[in-house]
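A short worksheet on the structure shown next.
If you're wondering where the values come from, they're calculated on a predicted model, not measured in any experiment. Every heavy atom of this structure was used, including side-chain atoms; hydrogens, water molecules and symmetry mates were not.
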Amino acid sequence: MEPERTSNEMAQERTNLSEHRTDLLEHRTELSESRSDLSAVRSHLANERTHLAYMRTGISLVSLGITMNRFSWFLLENKEISRYGGRPFLHDAKNTGLGMVILGCAMLIWSLYRYSQTAKQIESHHYLPAHRSVRIFTLALIFIGIVSVLWMIMG
């Protein structure tokens with residue numbers, strides 16, 4: 001059987017338990033702060049990956065547009081396609097290439113803008129998704145796609 005403890009011993013034990021709980025709470029707070037720091041790092045890395053994906057797409061559009069434009073000019077200047085009656089098509093391809101370069105540059109500008117805005121929002125812990133701009137950009141690309149299909153069918 002346990003010997004009976006005095007009130008001072010019990011008070012001391014409660015004090016020790018209370019100090020132990022305080023130590024645990026401080027440790028949990030430190031863990032929570034480090035998790036929050038890691039969360040902010042993950043958010044910034046995700047923002048950077050998104051920016052890089054936009055950049056890859058923009059660079060691809062610019063590269064393909066330049067290739068189409070320059071190749072159309074090459075064929076027009078060397079009169080290689082004149083015997084096939086493709087001059088109007090080449091002028092359209094030249095303009096399409098120019099349009100792709102413009103679209104690629106717009107995407108690169110948009111990428112930089114969104115990256116900067118998102119980084120500021122992550123830092124301020126107040127992120128607002130860009131629903132409207134995503135919808136507008138997507139609808140514009142769908143419209144460009146439909147016009148391109150109609151141009152190919154009717155061209």
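With sequence neighbours left out, the side chain to side chain contact (heavy atoms under 4.5 Å, CB included) criterion links R49 to L45, A46. Partners of H131 under the side chain to side chain contact (heavy atoms under 4.5 Å, CB included) rule, at least two apart in sequence or in another chain, are P129, R135.
L61 and L141 fall within a single hydrophobic cluster, where Ile, Leu, Val, Met, Phe, Trp and Tyr are joined by side-chain heavy atoms under 4.5 Å apart, directly or via other members. Each of I144 and I136 belongs to its own hydrophobic cluster when Ile, Leu, Val, Met, Phe, Trp and Tyr are linked at side-chain heavy-atom distances under 4.5 angstrom. Grouping the Ile, Leu, Val, Met, Phe, Trp and Tyr side chains by contacts below 4.5 angstrom, directly or via other members, places V62 apart from M68.
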Determine all donor-acceptor pairs shorter than 3.5 Å in which one atom belongs to a side chain in residues 98-111; sequence neighbours excluded.
unit_1, atom_1, unit_2, atom_2, d
S111, OG, H51, O, 3.3
S111, OG, H51, ND1, 2.5

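Residue pairs that meet the side-chain hydrogen bond (donor to acceptor under 3.5 Å, both in side chains) test with at least one member in residues 55-69, sequence neighbours left out, are N69-W73. Note on residues 113-124: pairs passing side-chain hydrogen bond (donor to acceptor under 3.5 Å, both in side chains), not counting sequence neighbours, are H44-E123, R114-T118.
Membership of the apolar cluster around V147 extends to F143, as traced through chained side-chain contacts below 4.5 Å between ILVMFWY residues.
Taken to the nearest 0.5 Å, the CG atom of N47 stands 15.0 Å off from the CZ atom of R42. Rounding to the nearest 0.5 Å gives a distance of 9.0 Å between CD1 of I59 and CG of L52.
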